[in-house]
A.B. asks: 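Dropping a structure here in structure tokens format, bear with me for questions.
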Amino acid sequence: MPAALHVPEGPALPRWLRLAAAIVPVAVTAAIGSAATQAEIPGWYAGLTKPFFNPPNWVFPVAWTILYTMIAVSLWRLLGAMPRTGPSREGWWLALIAFLVQIALNAAWTPVFFTAHAIGTGLIVVAMLLVMVLWTIRLSWRFDRLAAWLLVPYAGWVAFATLLNAAILRLN
């Protein structure tokens with residue numbers, strides 16, 4: 001039988017601190033991605049052979065803006081679900097660590113793929129990212145189901161990105 005979940009009476013972190021803690025890592029990740037792709041989209045990336053299912057370039061910033069917003073809200077909710085005491089606090093920390101690892105992998109993928117032009121290494125990073133997003137969903141579910149659900153479209157997009165990265169690697 002699973003351990004009982006200790007639900008906090010109120011968020012353990014102040015609202016403004018939760019908001020900053022949710023927005024800053026996501027905004028930094030988005031900024032890294034934007035900086036890494038700006039010069040590469042019209043040059044190196046345009047010269048790659050891409051599969052028939054590659055979306056037009058305008059789709060990516062639209063999708064990522066929506067996804068980054070959902071990711072930040074998910075993190076904000078997870079931070080608000082931190083148990084103050086009890087055995088479930090360890091599980092919450094594990095969910096938070098998984099969340100931060102997947103954000104770090106997200107931030108790493110774009111420079112690896114676009115700046116370093118390392119398509120094969122990019123595939124490894126994006127596959128690890130997919131695993132970590134799925135694990136983050138699983139771990140977050142126990143503490144805030146909406147936080148977990150908010151990551152499901154992200155997992156779908158990362159799964160698509162993994163397939164796209166693999167296809168680009170095969171074609172180039």
Side-chain angles (χ1 to χ4, degrees), residues 21-41 44-46 48-81 91-172:
I23 291 173
V24 169
V26 176
V28 168
T29 299
I32 290 169
S34 179
T37 58
Q38 290 299 322
E40 302 299 335
I41 295 291
W44 174 77
Y45 186 72
L48 293 174
T49 303
K50 294 175 213 58
F52 70 92
F53 57 87
N54 189 76
N57 289 343
W58 66 265
V59 170
F60 294 98
V62 171
W64 278 113
T65 299
I66 294 165
L67 292 171
Y68 281 140
T69 301
M70 294 173 77
I71 293 164
V73 171
S74 176
L75 181 53
W76 181 78
R77 290 190 59 91
L78 181 61
L79 290 169
W92 180 87
W93 277 107
L94 185 59
L96 181 61
I97 290 167
F99 207 115
L100 296 176
V101 168
Q102 64 84 12
I103 286 288
L105 287 167
N106 184 317
W109 180 81
T110 312
V112 167
F113 184 88
F114 282 97
T115 306
H117 305 165
I119 302 171
T121 305
L123 180 58
I124 293 167
V125 173
V126 77
M128 290 171 30
L129 172 59
L130 178 57
V131 169
M132 287 306 299
V133 171
L134 293 172
W135 196 42
T136 301
I137 292 168
R138 169 69 177 96
L139 293 172
S140 299
W141 183 261
R142 176 177 178 200
F143 301 99
D144 188 312
R145 290 188 176 175
L146 181 55
W149 276 113
L150 284 165
L151 297 177
V152 171
Y154 175 39
W157 184 258
V158 173
F160 173 72
T162 304
L163 177 64
L164 185 58
N165 193 147
I168 290 172
L169 177 64
R170 187 181 61 78
L171 293 170
N172 292 277

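We count residues from 1, following the sequence as given.
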A.B. asks: Do Ile71 and Leu150 have side chains that approach each other closer than 4.5 Å (heavy atoms only, starting at C-beta)?
C.D. replies: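 No, their side chains stay 4.5 Å or more apart.
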A.B. asks: What verdict does the side chain to side chain contact (heavy atoms under 4.5 Å, CB included) test give for Leu75 and Leu96, after you've listed the backbone C-alpha separation in whole Å, the side-chain angles of each residue and the deciding distance to 0.1 Å?
C.D. replies: CA-CA 8 Å; Leu75 181 53; Leu96 181 61; 3.8 Å; yes
A.B. asks: CG/Asn54 to CD1/Ile168 distance, rounded to the nearest 0.5 angstrom?
C.D. replies: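 Answer rounded to 0.5 Å: 5.5 Å.
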A.B. asks: When rounded to the nearest 0.5 angstrom, what distance separates CG in Asn165 from CZ in Phe160?
C.D. replies: 11.5 Å
A.B. asks: Run the numbers on Phe114 and Ile41 for side chain to side chain contact (heavy atoms under 4.5 Å, CB included), then give the verdict.
C.D. replies: CA-CA 8 Å; Phe114 282 97; Ile41 295 291; 3.6 Å; yes
A.B. asks: Quick check: does any side chain N or O of Thr29 sit under 3.5 Å from a backbone N or O of Pro25, one acting as donor and the other as acceptor?
C.D. replies: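 Checked: pair present.
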A.B. asks: Do Trp92 and Leu79 touch side chain to side chain, with heavy atoms closer than 4.5 Å?
C.D. replies: yes
A.B. asks: Of the non-hydrogen atoms in Arg142 and Gly91, which two are nearest, and what is the gap between them?
C.D. replies: NH1-CA, 4.3 Å
A.B. asks: Quick one: pull up CE in Met128 and CG in Leu105 and give me the separation to the nearest 0.5 Å.
C.D. replies: 4.5 Å
A.B. asks: To the nearest 0.5 Å, tell me how far Gln102 CD sits from Ile137 CD1.
C.D. replies: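 Taking CD in Gln102 and CD1 in Ile137, the distance rounds to 9.0 Å.
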A.B. asks: Taking all non-hydrogen atoms of both residues into account, name the closest pair between Ser74 and Ala147 and its distance.
C.D. replies: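 Nearest pair, atom of Ser74 first, then Ala147: OG-O, 2.6 Å.
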A.B. asks: Looking at Thr37 and Ser34, would you say the former's side chain and the latter's main chain have a donor-acceptor pair under 3.5 Å?
C.D. replies: yes
A.B. asks: So how far is it from Leu129 CG to Thr162 OG1, rounded to the nearest 0.5 Å?
C.D. replies: 7.0 Å
A.B. asks: Check whether the ring centres of Tyr154 and Trp157 lie less than 6.0 Å apart, and answer yes or no.
C.D. replies: no
A.B. asks: Quick one: are Trp135 and Val101 in side-chain contact, heavy atoms under 4.5 Å?
C.D. replies: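 When only atoms from C-beta onward are counted, Val101 and Trp135 do not touch, as no gap falls below 4.5 Å.
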A.B. asks: In this structure, which one of Val158, Leu163, Val112 forms a side-chain contact (heavy atoms from CB on, under 4.5 Å) with Val126?
C.D. replies: Val158
A.B. asks: What's the shortest heavy-atom distance between Thr136 and Ala95, and which atoms?
C.D. replies: CG2-O, 4.4 Å
A.B. asks: Looking at Ala72 and Ala22, what are the two nearest heavy atoms and their distance?
C.D. replies: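 In terms of heavy atoms, the two residues are closest at O-CB, 3.4 Å.
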A.B. asks: Any donor-acceptor pair under 3.5 Å linking the side chain of Asp144 with the backbone of Leu78?
C.D. replies: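 Answer holds: no.
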A.B. asks: Quick check against the 3.5 Å criterion: does Lys50 have a side-chain atom that pairs as donor or acceptor with the backbone of Leu164?
C.D. replies: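 Here the side-chain-to-backbone pair does not exist.
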A.B. asks: Can you sort out the partners of Phe113 under ring pair (Phe, Tyr, Trp, His ring centres under 6.0 Å), two or more places apart, ordered by chain and number?
C.D. replies: Trp44, Trp109
A.B. asks: May I ask you to test the Asn106-Tyr68 pair for a side-chain heavy-atom distance under 4.5 Å?
C.D. replies: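 Of all side-chain heavy-atom pairs linking Tyr68 with Asn106, at least one is under 4.5 Å.
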A.B. asks: Can you name the closest pair of heavy atoms from Trp149 and Pro153 and give their distance?
C.D. replies: O-CD, 3.5 Å
A.B. asks: CG/Leu151 to CG/Leu134 distance, rounded to the nearest 0.5 angstrom?
C.D. replies: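 It is 10.0 Å, given to the nearest 0.5 Å.
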A.B. asks: Please give me the minimum heavy-atom distance between Ala81 and Phe143, naming the atom from each residue.
C.D. replies: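 Minimum heavy-atom contact is CB-O, 3.5 Å.
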A.B. asks: Side chains of Tyr45 and Asn57: any donor to acceptor distance under 3.5 Å?
C.D. replies: no
